[in-house]
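The model shown is predicted, which means the values in this text are computed figures rather than measured ones.
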Amino acid sequence: MNPGTAAILGALVADSATLGLHWLYDPVRIAEIEAKKGLVFLSPDAADYAGTKGYFAHGGKVAGESTGYGEVCLLMLQHLAKHGEFKRTEYQIEYRGHFGPGGAFVGYVDSPTRLTLRTLLPLEPTAFPAASGADDDQFAALAALPPVVVTHSETLEVLMERVEEVVRITNNNALAVAAAQCSAAALFEVLRGTPIAQALVGALPFAGNTLRPLLEQALAVPTLDSVVVAARFGRACHVSEGLPVVFHIAQHAPDYRSAIEANIRAAGDNCGRAIMLGAIVAAHMAKRGDSASPIPLQWLARYRKLAAAADACAAI
């Protein structure tokens with residue numbers, strides 16, 4: 001599997017694998033569930049959330065489906081496959097059509113998505129603002145990035161401009177842009193063969209004054225302990241909480257499976273973290289060439305939109 005395909009499928013499969021325990025904020029409960037029925041590709045079950053801290057958002061979904069994060073990632077992939085390049089207005093039309101009333105998406109709609117739709121729905125496409133997103137720093141900001149980075153063939157500086165354009169469609173927020181540029185820079189370097197630890201450190205200048213010290217602290221933790229790190233930085237949907245967890249796991253996890261499982265155990269918005277974590281680690285494993293597929297074949301087979309994603313990967 002080439003590293004670009006690995007990055008995209010790594011993001012999509014990570015989101016799907018994590019769905020069943022998304023927004024469960026109790027690591028102890030997650031450990032109990034893992035001991036009884038496993039950790040990945042679980043169908044969402046309200047009983048798992050009863051009597052503990054969490055938000056049960058995916059009651060209508062079954063194992064192998066995606067959260068809204070995964071849907072955004074796939075939407076951007078299919079957009080790039082269709083158009084050959086990013087076209088802002090066309091993407092906004094497709095985004096509105098997919099997530100808006102009557103669209104194909106059925107599921108929980110988060111605040112950035114809802115507020116973006118509120119902006120786009122009443123307008124003709126010619127009147128769409130470039131920054132149509134909410135003033136919001138949650139993880140929706142990073143969901144579309146893996147296909148954007150994989151298909152980018154110009155300089156890192158040009159990529160940073162494109163990332164900002166993409167992010168402000170849903171998250172018109174400076175911290176969201178900084179988190180996206182930093183994580184995109186890390187993936188960009190990994191795809192070019194830079195060792196993962198070096199790529200993470202090299203991306204820090206793009207993180208900005210608020211996020212960079214947090215990422216440096218996370219990278220200074222000497223061994224993998226996602227539960228402790230998430231308790232330290234936060235488990236919620238904000239990029240200042242989740243991205244340090246992503247960098248910590250990516251630096252230390254020995255393989256893709258271990259990275260995604262560690263992220264699930266960390267609890268909270270594990271699906272939000274899964275997109276860039278899955279992309280970075282899968283790309284790194286593909287570059288190392290340790291196996292034909294850095295993503296477990298059983299996991300690929302359980303992702304329900306694998307055929308659509310594979311067709312779009314082949315097209316780009």
Side-chain angles (χ1 to χ4, degrees), residues 1-19 66-81 86 139-152 156 159-160 162-163 166-167 179-200 202-203 206 215 239 242-253 255-264 269-288 293-296 299-300 303 305-306 309-310 312-313 316:
M1 184 181 294
N2 72 66
T5 299
I8 294 169
L9 294 181
L12 293 168
V13 171
D15 171 78
S16 182
T18 308
L19 168 71
S66 305
T67 70
Y69 299 124
E71 291 286 313
V72 168
C73 188
L74 181 59
L75 183 70
M76 178 59 80
L77 172 63
Q78 292 175 319
H79 169 83
L80 294 169
F86 177 69
F139 262 103
L142 276 57
L145 295 184
V148 173
V149 179
V150 167
T151 57
H152 183 79
L156 182 58
L159 175 61
M160 294 299 98
R162 176 54 47 81
V163 166
V166 168
V167 170
Q181 290 179 326
C182 178
S183 51
L187 178 57
F188 180 86
E189 290 301 332
V190 167
L191 287 167
R192 279 146 187 79
T194 304
I196 196 165
Q198 183 180 336
L200 295 169
F206 296 98
L215 297 176
V239 292
L243 197 59
V245 181
V246 170
F247 271 45
H248 165 73
I249 297 172
Q251 181 182 38
H252 292 297
D255 52 47
Y256 178 86
R257 180 193 295 269
S258 300
I260 303 313
E261 290 179 343
N263 178 52
I264 296 172
D269 190 14
N270 39 27
C271 284
R273 300 188 302 260
I275 294 290
M276 288 308 295
L277 175 64
I280 291 169
V281 175
H284 168 66
M285 297 299 297
K287 274 290 186 181
R288 288 202 329 193
S293 173
I295 306 163
W299 290 20
L300 283 166
Y303 171 50
K305 293 190 175 181
L306 178 60
C313 285
I316 63 171

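By the ring pair (Phe, Tyr, Trp, His ring centres under 6.0 Å) test, His284 pairs with no residue at all, sequence neighbours left out. With sequence neighbours left out, the side chain to side chain donor-acceptor pair (under 3.5 Å) criterion links Arg192 to no other residue. Annotation: side-chain contact (heavy atoms from CB on, under 4.5 Å) contacts of His252 (sequence neighbours excluded): Leu224, His248.
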(request) Take Tyr69 and Asp269 through the test side-chain contact (heavy atoms from CB on, under 4.5 Å) and record every step on the way to the result. (result) CA-CA 11 Å; Tyr69 299 124; Asp269 190 14; 2.8 Å; yes
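Phe139 approaches Leu243 most closely through the heavy-atom pair CZ-N, 3.6 Å. Across Ala309 and Tyr303, no two heavy atoms sit closer than the pair CB-CE2, 4.1 Å. For the residue pair Ala282 and Ile295, the shortest heavy atom distance occurs at CB-CG1, 4.4 Å. Counting all heavy atoms, side chain and backbone alike, Ala184 lies closest to Leu145 at CB-CD1, 4.4 Å. In terms of heavy atoms, Gly278 sits closest to Tyr256 at O-CE1, 3.6 Å.
A heavy-atom distance below 4.5 Å is found between the side chains of Ile280 and Ile196. Side-chain contact check for Leu156 versus Glu189: some heavy-atom pair is nearer than 4.5 Å. For the pair Leu191/Val149, a side-chain contact is recorded, criterion being any heavy-atom separation below 4.5 Å from C-beta on. Looking at heavy atoms from C-beta onward, Leu300 lies in side-chain contact with Ser293 at the 4.5 angstrom threshold. For the pair Leu142/Val246, no side-chain contact is recorded, criterion being any heavy-atom separation below 4.5 Å from C-beta on.
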May I have the list of side-chain donor-acceptor pairs in residues 6-18 shorter than 3.5 Å, sequence neighbours left out?
from, atom 1, to, atom 2, distance (Å)
Asp15, OD1, Thr67, OG1, 2.4
Asp15, OD2, Thr67, N, 3.0
Asp15, OD2, Thr67, OG1, 3.4
Ser16, OG, Gly64, O, 3.0
Ser16, OG, Glu65, O, 2.9
Thr18, OG1, Ala14, O, 2.6

Could you list the donor-acceptor pairs under 3.5 angstrom formed by side chains in residues 70-80, with sequence neighbours left out?
from, atom 1, to, atom 2, distance (Å)
Glu71, OE1, His98, NE2, 2.8
Glu71, OE1, Lys305, NZ, 3.2
Glu71, OE2, Lys305, NZ, 2.8
His79, ND1, Glu94, OE1, 2.7
His79, NE2, Lys87, N, 3.1

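A donor-acceptor pair is defined here as one N or O able to donate and one able to accept, closer than 3.5 Å; such a pair exists between the side chain of Arg273 and the backbone of Asn263.
Residue pairs meeting the salt bridge (charged side-chain N to carboxylate O under 4.0 Å, His left out) criterion with at least one member in residues 275-288, sequence neighbours excluded: Arg288-Asp290.
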